[in-house]
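Any value given below was found using the heavy atoms of this structure, including those in side chains, with hydrogens, waters and symmetry copies removed. Quick caveat: nothing in here was measured; it's all calculated off a predicted structure.
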Amino acid sequence: MSSTSLSYRFLKRLGFNYPEDEYVQISFWDILCRVVKTYRDGFLLKFFMDSWLLSPIAPRKLRPAILRTIGCKVGKDVFIGSQVWIDSGHADLITIEEHAHVDARCVLLCHKRELSDYRQGDDYAKLPYKKLPIHIGKGCSVGTGTIVMPGAEIGEGAIIGAGSIVTKPIPAWSIALGQPAKVVKYIEKRHDQ
């Protein structure tokens, strides 16, 4: 029996119900490395992201540094609010450009189930994952409680209203809100008088 099928059987025994085609190529070493990274990232996210002791430096120094440590691409002078949840298993797919604001309780997701071939009688847990990057542009603001879905791109200077769900690209210099987020206004250029 091959080590890949042993790895898959080991994962099944542990209670994981993942699609077999995603785990046939995984070795025990891959599993061990993933587990160690998951615990390290979880520790950083749980104990340092919202530390009351470090709260004076948390939004602009500590939280962006933690996101960089776990694999996100984070620019300079980024603001990360409290209780922001990121898809840590796919942190390398998250880009937050300089001067962006991600307010409290936002969720940044990079994976979801592929539903295009889902039919009656199928096992939802065995559907493959679709992994897509998310991009938060320079100087934009993502309002409190917003969910940014896989594949979403928020353009430079855009403002996303609180509680929105961003499912598709939002153009630069626009204001979008709702579930799903839709552009409600474009921001005009400043004309010097």
| Just wondering, do Val74 and Arg68 contact through their side chains at under 4.5 Å, heavy atoms? | yes
| field | Phe79 reachable from Leu45 in the ILVMFWY side-chain graph, under 4.5 Å edges | value | no
| Pairwise side-chain contact, Cys72 with Ile96, heavy-atom cut-off 4.5 Å (strictly under) | no
| query | Do Glu97 and Lys138 meet the salt-bridge criterion of a basic N to acidic O distance under 4.0 Å? | reply | no
| query | Any link between Leu44 and Ile86 through a network of hydrophobic side chains (Ile, Leu, Val, Met, Phe, Trp, Tyr) touching at under 4.5 Å? | reply | yes
| said: For residues Ile159 and Tyr186: do they belong to one hydrophobic cluster (side chain heavy atoms under 4.5 Å, members Ile, Leu, Val, Met, Phe, Trp, Tyr)? | reply: no
| said: In the structure I gave you, are the side-chain heavy atoms of Ile80 and Ile66 within less than 4.5 Å of one another anywhere? | reply: no
| task | Answer yes or no: is there a side-chain heavy-atom contact under 4.5 Å between Arg63 and Val84? | result | no
| field | Min side-chain heavy-atom separation His101-Arg60 under 4.5 Å | value | yes
| message | Between Val148 and Ile175, is there shared hydrophobic-cluster membership here, with clusters defined by ILVMFWY side-chain heavy atoms closer than 4.5 Å? | response | no
| request: Please work out which of the three classes, parallel, tilted or perpendicular, describes the rings of His111 and Tyr129, given edges at 30° and 60°. | output: perpendicular
| query | If you group Ile, Leu, Val, Met, Phe, Trp and Tyr by side-chain heavy-atom gaps below 4.5 Å, do Leu132 and Leu115 land in one group? | reply | no
